[in-house]
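For clarity, every value in this text was computed on a predicted model and none was experimentally measured.
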Amino acid sequence: MILYGASGHGKVIIDILESIRTPHIEIWDDADKEPIWEFPVKKPFHSGAAITEPVIIGIGVNATRRKIAEKLEGKVSFGTAVHATSYISKRSRVAEGTVVMAGVTVNPDVQIGRHCIINTNCSLDHDCVIGDYAHISPNVVLSGDVHVGEGTHIGSGASVIQGIRIGKWCTIGAGAVVIRDIPDYATAVGNPARVIKVKEP
């Protein structure tokens, strides 16, 4: 497996890959970086040879992760990384490029898009839909049938009640309690969550 991104987020992905006994881990980064533990950091496509191993993008910023994924599209295949201690229902789907951290629970009929981050100890209940490039932070609770749009970041410890629709490229603050739908490009904080601004698309 090739991990693109030598960062703190990358360290967590290395831990995931080790938990599932990935036989070979290689780290890439565009910048000059010190090794991560015993893993040297190489420049992307350093050998010039065709890339046969799957790639995971270890970048925590959603928009940057999308930019790199689009740059790599058609040049590499993308893998997934699911920590050995997570629970993923056999009736759910995790798309390519997505990482699922330790202690996560994903219940039946959840659909998780491409290049998402499903972070430590969060819970996704039945029939949730997570758009591409979304980040569900540690200890988030999504009740049943919650839809989260592309690129949205839900902050640590937030809770979302059943049936809520959160738009694309939103930011939901840490600890927020979402009881109403949130429009695209909005930032919402508090208990109950209220929209404090809406970005231009």
Side-chain angles (χ1 to χ4, degrees), residues 5 7-13 15-16 56-70 80-83 85-88 92 94-95 97-107 109-201:
S7 62
H9 179 58
K11 289 180 179 180
V12 181
I13 297 174
D15 190 66
I16 294 171
I56 290 177
I57 302 169
I59 305 293
V61 178
N62 295 349
T64 304
R65 195 165 60 258
R66 180 178 70 170
K67 182 178 179 180
I68 293 172
E70 290 173 347
T80 58
V82 177
H83 197 282
T85 65
S86 64
Y87 169 77
I88 311 290
S92 288
V94 178
T98 287
V99 295
V100 179
M101 282 30 173
V104 166
T105 298
V106 177
N107 279 324
D109 290 327
V110 171
Q111 305 295 316
I112 300 173
R114 302 168 69 243
H115 304 289
C116 294
I117 301 170
I118 310 300
N119 220 317
T120 310
N121 292 327
C122 68
S123 175
L124 282 57
D125 219 312
H126 64 88
D127 299 296
C128 287
V129 177
I130 311 300
D132 297 344
Y133 309 108
H135 181 176
I136 311 300
S137 293
N139 297 306
V140 167
V141 175
L142 302 185
S143 300
D145 190 35
V146 169
H147 289 211
V148 176
E150 176 187 280
T152 285
H153 183 188
I154 300 186
S156 298
S159 299
V160 184
I161 67 167
Q162 185 162 341
I164 291 295
R165 302 299 186 254
I166 298 174
K168 61 186 178 181
W169 299 100
C170 294
T171 300
I172 306 300
V177 178
V178 183
I179 62 172
R180 298 181 184 87
D181 292 351
I182 304 294
D184 294 345
Y185 305 105
T187 296
V189 299
N191 179 7
R194 61 186 182 86
V195 174
I196 59 170
K197 65 180 178 180
V198 178
K199 298 174 290 187
E200 291 294 324

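Side-chain atoms of Asn119 and His135 form a donor-acceptor pair, as typed in the model, at a separation below 3.5 Å. Of the N and O atoms on the side chains of His9 and Ser7, not one donor lies less than 3.5 Å from an acceptor on the other residue.
Here the closest heavy-atom approach between residue Ile161 and residue Ile164 is recorded as O-CG1, 3.2 Å. A pairwise comparison of heavy atoms in Ala95 and Thr80 identifies O-CG2, 3.2 Å as the closest pair. Listed here is the closest heavy atom pair of Ile182 and Cys170: CG2-SG, 4.0 Å. Contact record, Ile56 with Gly97: CG2-O, 4.4 Å, taken as the closest heavy-atom pair. When all heavy atoms of Asn62 and Thr152 are compared, the pair lying nearest together is ND2-O, 3.5 Å. Among all heavy-atom pairs drawn from Cys116 and Thr98, the shortest one is N-OG1, 2.9 Å.
Between Trp169 and Glu150 there is a side-chain heavy-atom pair separated by less than 4.5 Å.
By the 6.0 Å contact criterion, NZ on Lys67 is open, its count of non-hydrogen atoms from other residues, nucleotides or ligands being 12 or less.
Here Ile130 contributes atom CD1 and Ile166 contributes atom CD1; the two are 8.5 Å apart, rounded to the nearest 0.5 Å. Separating the CG atom in Leu142 from the SG atom in Cys128 is a distance of 5.0 Å, to the nearest 0.5 Å.
Side-chain atoms of Ser137 come within 3.5 Å of backbone atoms of Ile154 as a donor-acceptor pair (strictly under, hydrogens ignored). In this structure a side-chain-to-backbone donor-acceptor pair under 3.5 Å is present from Arg65 to His115. The backbone N or O of Asp109 lies less than 3.5 Å from a partner atom in the side chain of Ser92, making a donor-acceptor pair. Panel note: side chain Ser143, backbone Gly163; no donor-acceptor pair is recorded below 3.5 Å. Using modelled atom types, no side-chain atom of Thr171 and backbone atom of His153 make a donor-acceptor pair closer than 3.5 Å. A distance-only check finds a donor-acceptor pair linking the side chain of Asp132 to the backbone of Arg114 [under 3.5 Å]. In terms of modelled atom types and a separation under 3.5 Å, the side chain of Lys168 and the main chain of Gly131 share no donor-acceptor contact. Within the 3.5 Å criterion, the main-chain N or O of Ala102 finds no donor-acceptor partner in the side chain of Ser86.
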Next item on the list: Evaluate the criterion side chain to side chain contact (heavy atoms under 4.5 Å, CB included) for residue pair Val100 and His83; output intermediate values, then yes/no.
Entry: CA-CA 6 Å; Val100 179; His83 197 282; 6.0 Å; no
Check: Would Met101 and Ile117 count as a side chain to side chain contact (heavy atoms under 4.5 Å, CB included) if you check the C-alpha gap in whole Å, the side-chain angles of each, and the deciding distance to 0.1 Å?
Finding: CA-CA 8 Å; Met101 282 30 173; Ile117 301 170; 4.0 Å; yes
Notebook entry, point to check: Does the pair Val178 and Val146 meet the rule for a side chain to side chain contact (heavy atoms under 4.5 Å, CB included), with working shown?
Noted result: CA-CA 10 Å; Val178 183; Val146 169; over 6 Å; no
Next item on the list: I would like to know whether Ile112 and Leu124 meet side chain to side chain contact (heavy atoms under 4.5 Å, CB included); could you show each step before the answer?
Entry: CA-CA 10 Å; Ile112 300 173; Leu124 282 57; 4.0 Å; yes
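Each of Val106, Asn107, Val110 was checked for a side chain to side chain contact (heavy atoms under 4.5 Å, CB included) with Asp125, and the lone residue meeting it is Asn107.
The pair Asp145-Arg165 meets the salt-bridge criterion, since a charged nitrogen lies less than 4.0 angstrom from a carboxylate oxygen.
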